[in-house]
Amino acid sequence: MLHRLCIAPIVADGRIRGVITESKAGREAILARRVIDATGDADLVARAGAPVIKPPKEELMAASVMFSMSGVNKARFIEQVRAHPQTYADWVGDGEWNIQTAGKEDGMFSPFLRKPFKQAVAAGVIPANLTTIAGIWGTVSDQGDLTYLNLIHLPALDGTDPNDLTAGEIEGRR
Ligand SMILES: Cc1cc2nc3c(=O)[nH]c(=O)nc-3n(C[C@H](O)[C@H](O)[C@H](O)COP(=O)(O)OP(=O)(O)OC[C@H]3O[C@@H](n4cnc5c(N)ncnc54)[C@H](O)[C@@H]3O)c2cc1C
């Protein structure tokens with residue numbers, strides 16, 4: 001039963017017995033012997049009143065506004081990646097992706113980009129305050145579609161707060 005948003009659990013005798021959903025077809029109640037909350041943020045469990053833990057948003061991992069690009073010159077892009085191969089060690093320091101490795105990953109290739117954006121800032125092509133542009137790319141097609149660019153990092157957003165998500169989406173796209 002896809003294309004429905006669970007909006008509330010049905011709780012009786014201290015157990016979740018089902019869910020209320022909303023969709024274009026209206027409101028429905030679905031009863032079940034067992035309910036598994038796979039909402040990612042435990043929405044149903046939280047709404048059922050069970051204890052949940054969430055750190056202050058200043059301590060949460062930064063959110064990403066992912067994007068794709070078209071019109072990428074694949075041959076030149078791959079040529080540059082080969083000329084400046086990035087490894088997991090390159091993620092360390094200088095930004096949101098400030099990771100620690102156990103050392104064994106340090107020499108492994110990683111589809112990580114930071115240098116081109118630093119150069120773009122230095123050249124005045126993008127604003128100097130865009131210090132959080134660094135991250136990974138997924139694939140680049142022969143047609144020039146560079147997919148899964150996970151580069152924009154926005155700190156101090158609560159992913160369960162629609163106002164934070166709205167502000168983050170607007171700022172991330174900008
Ligand atoms: C940009 C990005 C990059 C990431 N990169 C990595 C990585 O490299 N390595 C890694 O290990 N992890 C990564 N993660 C984290 C990883 O994707 C998540 O931890 C994982 O997907 C969580 O899985 P899940 O099944 O718990 O929840 P989700 O994958 O979030 O699935 C929850 C599903 O429930 C649906 N849903 C939510 N609420 C409702 C509702 N009320 N009613 C109906 N449906 C609902 C959602 O639409 C979604 O389909 C990344 C996450 C993001 C956003």
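Every number for a ligand or one of its atoms is a count from 1 in the order of the listing. Only heavy atoms go into these numbers, but all of them, side chains included; no hydrogens, no water, no symmetry mates.
Only the side chain of D43 comes within 4.0 Å of ligand 1, judged by heavy-atom distances.
Within a 4.0 Å radius of atom 41 (N) of ligand 1, the protein contributes at least one heavy atom. Atom 18 (C) of ligand 1 is not flagged as protein-proximal [any protein heavy atom, distance under 4.0 Å]. For atom 53 (C) of ligand 1, no protein heavy-atom neighbour is present inside the 4.0 Å cut-off. Distance check for atom 26 (O) of ligand 1: a protein heavy atom is found below 4.0 Å. At a distance under 4.0 Å, a protein heavy atom can be found next to atom 3 (C) of ligand 1. Atom 10 (C) of ligand 1 is never approached by the protein to below 4.0 angstrom, counting heavy atoms only. For atom 23 (O) of ligand 1, the nearest protein heavy atom is 4.0 Å or more away. Distance check for atom 32 (C) of ligand 1: a protein heavy atom is found below 4.0 Å.
Each of the atoms 43 (C) of ligand 1 lies under 4.0 Å from some heavy atom of R4. Close approach of ligand 1 to N150 (heavy-atom distance below 4.0 Å) involves ligand atoms 1 (C), 3 (C). Annotation for ligand 1: atoms under 4.0 Å from non-hydrogen atoms of M66 are 1 (C).
Between W91 and F112, the ring-plane angle classifies as parallel under the 30° and 60° cut-offs.
For R4 and E28, the salt-bridge test passes: some basic side-chain N is under 4.0 Å from an acidic carboxylate O. The pair R76-E79 does not meet the salt-bridge criterion, since no charged nitrogen lies less than 4.0 angstrom from a carboxylate oxygen. Under 4.0 Å is where a charged nitrogen must lie from a carboxylate oxygen, and between K57 and D161 no such pair does.
Evaluated by nearest non-hydrogen atom to atom 34 (O) of ligand 1, the leading choice among A8, A38, G40 is A38.
Counting non-hydrogen atoms of neighbouring residues, nucleotides and ligands closer than 6.0 angstrom, the NZ atom of K115 reaches no more than 12 such neighbours. When the shell of 6.0 Å around CD of E105 is examined, it contains more than 12 heavy atoms from other residues, nucleotides or ligands. More than 12 non-hydrogen atoms from other residues, nucleotides or ligands lie less than 6.0 angstrom from CE of M66.
When hydrogens are left out, the protein atom nearest atom 8 (O) of ligand 1 is Y148 OH, 5.0 Å; that is the closest non-hydrogen contact. In this structure, atom 36 (N) of ligand 1 lies nearest to the protein heavy atom T39 CA, 4.2 Å.
By the 3.5 Å distance cut-off applied to N or O atoms, C6 is counted among the residues near ligand 1.
Using modelled atom types, one finds a donor on one side chain and an acceptor on the other under 3.5 Å when comparing T160 with K54. A side-chain donor-acceptor contact under 3.5 Å links T139 and T147.
Across all their heavy atoms, S68 and Y148 have their closest contact at OG-N, 3.9 Å.
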